[in-house]
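Each chain gets a letter, A, B and so on, in the order the sequences are listed, and its residues count up from 1. Just so you know, these numbers come straight off a predicted model, no measurement behind them.
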Amino acid sequence: MSLIPKEFYSRDPAVVTRELLGAVLVRLYGGVRLTCRIVETEAYYGVEDPASRARRGGDLARTMYGDVDVALVYGVHRQWLLNVVAHELGTGGAVLIRAAEPLEGVEVMMELRKVRCVRKLLSGPGRLTKALAVDKRFHKKPLYVSDYGLWIEWGVTPRPEDIAESHRVGVASDLSRPLRFFLRGNLYVSRSR
DNA sequence: CGCCAGATTGACT
DNA sequence: GTCAATCTGGCGG
């Protein structure tokens, strides 16, 4: 397996978001490889995006406009949400990792999540971070190296007809363009409300 | 330091 | 479907 390079993330957030489907998220946790295949993602832009955290200013905004391919982790409703900073030069943006299909380390992930149901293990942004023991410590850490125990590798590229799109989940005011992408029919996509 | 909205989840009617 | 838990980050005082 090989790491996805930093340049991959220096493009329009929606493009990166779509192409991240099928990629493999790896977490080295106490010597155990916890791995999963990304099946659901959302794109966020900079201050021009009404749903973007960049609107609120502060450190999260600066991070979204900063180096690409670093983790952006922040808390909401007492969960941690994992994003990857991605944007074209001079703009802001990030990809929210919303759901993934478990591959390796399922037993350890079930212990971390305290559930036995594999389908519910990684099928939501808050569930995913808990199962992978991802928290604020990873904020601003680069994902293009394996040094920090969290990184993203190339996976199996989905066929275009297997990629579905919709509006983003849980946002008060969305852009007119669909910015949520997921693998059609995949069992591990988060349930819509 | 207090206030409050929120890219959620899981328990319950 | 409904609803509250009780966390984080930004902001105002």
query: Less than 4.0 Å between a side-chain N and a carboxylate O, is that true for E111(A) and R116(A)?
result: no
field: Contact summary for V169(A) and E42(A), nearest pair of heavy atoms
entry: N-OE2, 2.8 Å
message: Taking 4.0 Å as the cut-off, does a side-chain nitrogen or oxygen of R56(A) come that near to OP1 or OP2 on dA5(B)?
response: no
message: Any base atoms under 4.0 Å from D59(A), or only sugar-phosphate, or nothing? Heavy atoms, all strands.
response: sugar-phosphate
- prompt: Are more than 12 heavy atoms from other residues, nucleotides or ligands located less than 6.0 Å from atom CG of L187(A)?
  reply: yes
query: For N83(A) and dG9(C), what is the distance between atoms CG and C1' respectively, to the nearest whole Å?
result: 14 Å
- request: Take atom OH of Y74(A) as the centre, draw a 6.0 Å sphere, and report whether it contains more than 12 heavy atoms from other residues, nucleotides or ligands.
  value: yes
message: By the 4.0 Å heavy-atom rule, please label V76(A) as base, sugar-phosphate, or nothing.
response: base
message: Output the rounded distance in Å from CD (E40(A)) to P (dT8(B)).
response: 10 Å
message: In this structure, how many angstroms lie between the P atom of dC3(C) and the NE2 atom of H77(A), rounded?
response: 15 Å
message: Tell me which residues in residues 131-143 of chain A lie within less than 4.0 Å of DNA chain C, going by non-hydrogen atoms.
response: K136(A)
statement: Against the side chain of Y44(A), the closest entry in dA5(C), dT9(B), dA7(B) is dA7(B)
query: Around atom NZ of K120(A), are there more than 12 heavy atoms of other residues, nucleotides or ligands at under 6.0 Å?
result: no
- prompt: Any Lys/Arg nitrogen of D67(A) or K140(A) sitting under 4.0 Å from an Asp/Glu carboxylate oxygen of the other?
  reply: no
message: Does the Lys NZ or Arg CZ of R168(A) fall within the cation-pi geometry relative to Y44(A) - under 6.0 Å from the ring centre and within 45° of the axis?
response: yes
message: Measure CG/L82(A) against C1'/dT8(B) and give the value in whole Å, please.
response: 15 Å
- prompt: Do E161(A) and R184(A) meet the salt-bridge criterion of a basic N to acidic O distance under 4.0 Å?
  reply: no
R55(A) vs dC11(C): side-chain N/O to OP1/OP2 distance below 4.0 Å: no
query: Is Y74(A) stacked on the base of dG9(C), with ring centres under 5.5 Å apart and planes under 30° apart?
result: no
task: Could you provide the dot-bracket string of DNA chain C, using ( ) for intrastrand pairs, [ ] for crossing pairs and | for bases paired to another strand, with Watson-Crick or G-U pairs below 3.5 Å?
output: |||||.||||||.
- prompt: Base, sugar-phosphate, or nothing: which does E42(A) touch, judged by heavy atoms less than 4.0 Å apart?
  reply: nothing
task: Using whole Å, report how far CH2 of W80(A) lies from P of dG6(B).
output: 19 Å
task: Compare the minimum distances between each of dG10(B), dT8(B), dT8(C) and the side chain of L81(A), then state the nucleotide with the smallest one.
output: dT8(B)
query: With the threshold set at 4.0 Å, does a side-chain nitrogen-carboxylate oxygen contact exist between E165(A) and R180(A)?
result: no
field: Whole-Å distance separating the CZ atom of R191(A) from the P atom of dT9(B)
entry: 8 Å
query: dT8(B), dG9(C), dA7(B): which one has an atom nearest the side-chain heavy atoms of Q79(A)?
result: dT8(B)
field: Residues in side chain to side chain donor-acceptor pair (under 3.5 Å) contact with D12(A), at least two apart in sequence or another chain
entry: Y45(A)
message: Looking at dT8(B), I'd like to know if its phosphate oxygens (OP1 or OP2) sit under 4.0 Å from a side-chain N or O belonging to R98(A).
response: yes
task: Could you tell me whether R127(A) contacts a base, only the sugar-phosphate backbone, or nothing, with contacts defined as non-hydrogen atoms closer than 4.0 Å?
output: sugar-phosphate
